[in-house]
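Report on the following structure.
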Amino acid sequence: MTILKDIVVSNHYIFCEGFADWTDAIQVAAEPLRADGIIEDSYIRSIIENVKEYGPYIIIAPEVAMPHSTLGGEGVHDTCLSFMKTEKPVVFDPEDPSKNARLFFTLAATDNEKHLSNMVALAEFLLKDGAIEDLLKAQNADDLMKVHWKYSEQ
């Protein structure tokens, strides 16, 4: 499992205090990919429009969001993943606290096989006992690497 290591090595991570609005959270969560030219603003807008249309489909587990749009969507130039952690929960549905998120894994994909591989590796990692809790405690890249090493040995 090298997802966290790949995120740290590529500088595709960010730690934030919180956001007043979920749209701001998605924009910031995608920023490491946008800054590297992996995605364009149009892809970020597509994610936001999809959440507005379909609801918070990006919430994949309590506290965990996976912002993404369609495979090979407009404004995507590579297959990659970024990570963002917030101290304060981002609220997607004020009526449903189970739709709050503090961990964001933004996906961009042009290669279906690599994209599926990333999704499976991420799912396997998040299903490990304690992994989400350890990510919620992370404060910096060193902490992410400690989480990586802890769960690589399992």
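Just so it is clear, the values below take in all heavy atoms, side chains as well, and ignore hydrogens, waters and symmetry mates.
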Closest non-hydrogen contact found for L33 with T106 is CD1-O, 3.8 Å
Provide the closest heavy-atom pair for N50 versus S69 in the form atom of the first, atom of the second, distance. ND2-OG, 3.1 Å
Counting only N and O atoms by type, is there a donor-acceptor contact under 3.5 Å from the side chain of Y151 to the main-chain atoms of G130? yes
Listed once per pair and sorted, the side-chain hydrogen bond (donor to acceptor under 3.5 Å, both in side chains) pairs that draw on residues 7-20, sequence neighbours left out: S10-H12, H12-D36
Applying side-chain hydrogen bond (donor to acceptor under 3.5 Å, both in side chains) as the test, list every pair that has at least one member in residues 136-147; sequence neighbours left out.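 Output for this query lists E87-Q139.
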Same cluster or not: are [X] and [Y] linked, directly or through other Ile, Leu, Val, Met, Phe, Trp or Tyr residues, by side-chain heavy atoms under 4.5 angstrom apart?
X	Y	value
V9	L122	no
I48	V76	yes
Y54	I26	yes

Could you measure the distance from the [atom1] atom of [X] to the [atom2] atom of [Y]? Nearest 0.5 Å is fine.
X	Y	atom1	atom2	value
S152	I3	OG	CD1	11.0 Å
M84	E31	CE	CD	11.5 Å
I132	R102	CD1	CZ	11.5 Å
F105	H68	CZ	NE2	14.0 Å
L135	L144	CG	CG	6.5 Å

Non-hydrogen side-chain atoms of S46 and E74 separated by less than 4.5 Å: no
Do V91 and W22 make a side-chain contact, defined as non-hydrogen atoms from C-beta onward lying under 4.5 Å apart? no
Return the set of residues passing side-chain hydrogen bond (donor to acceptor under 3.5 Å, both in side chains) with E124 (not counting sequence neighbours), or none when no residue passes. none
Relative to each other, are the rings of F92 and F104 parallel, tilted or perpendicular (30° and 60° limits)?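 If you compare the ring of F92 with that of F104, the planes turn out tilted.
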With side chain to side chain contact (heavy atoms under 4.5 Å, CB included) as the criterion, how do V147 and F125 come out once you've worked through the C-alpha distance, each side chain's angles and the decisive distance to 0.1 Å? CA-CA 10 Å; V147 174; F125 169 72; 3.7 Å; yes
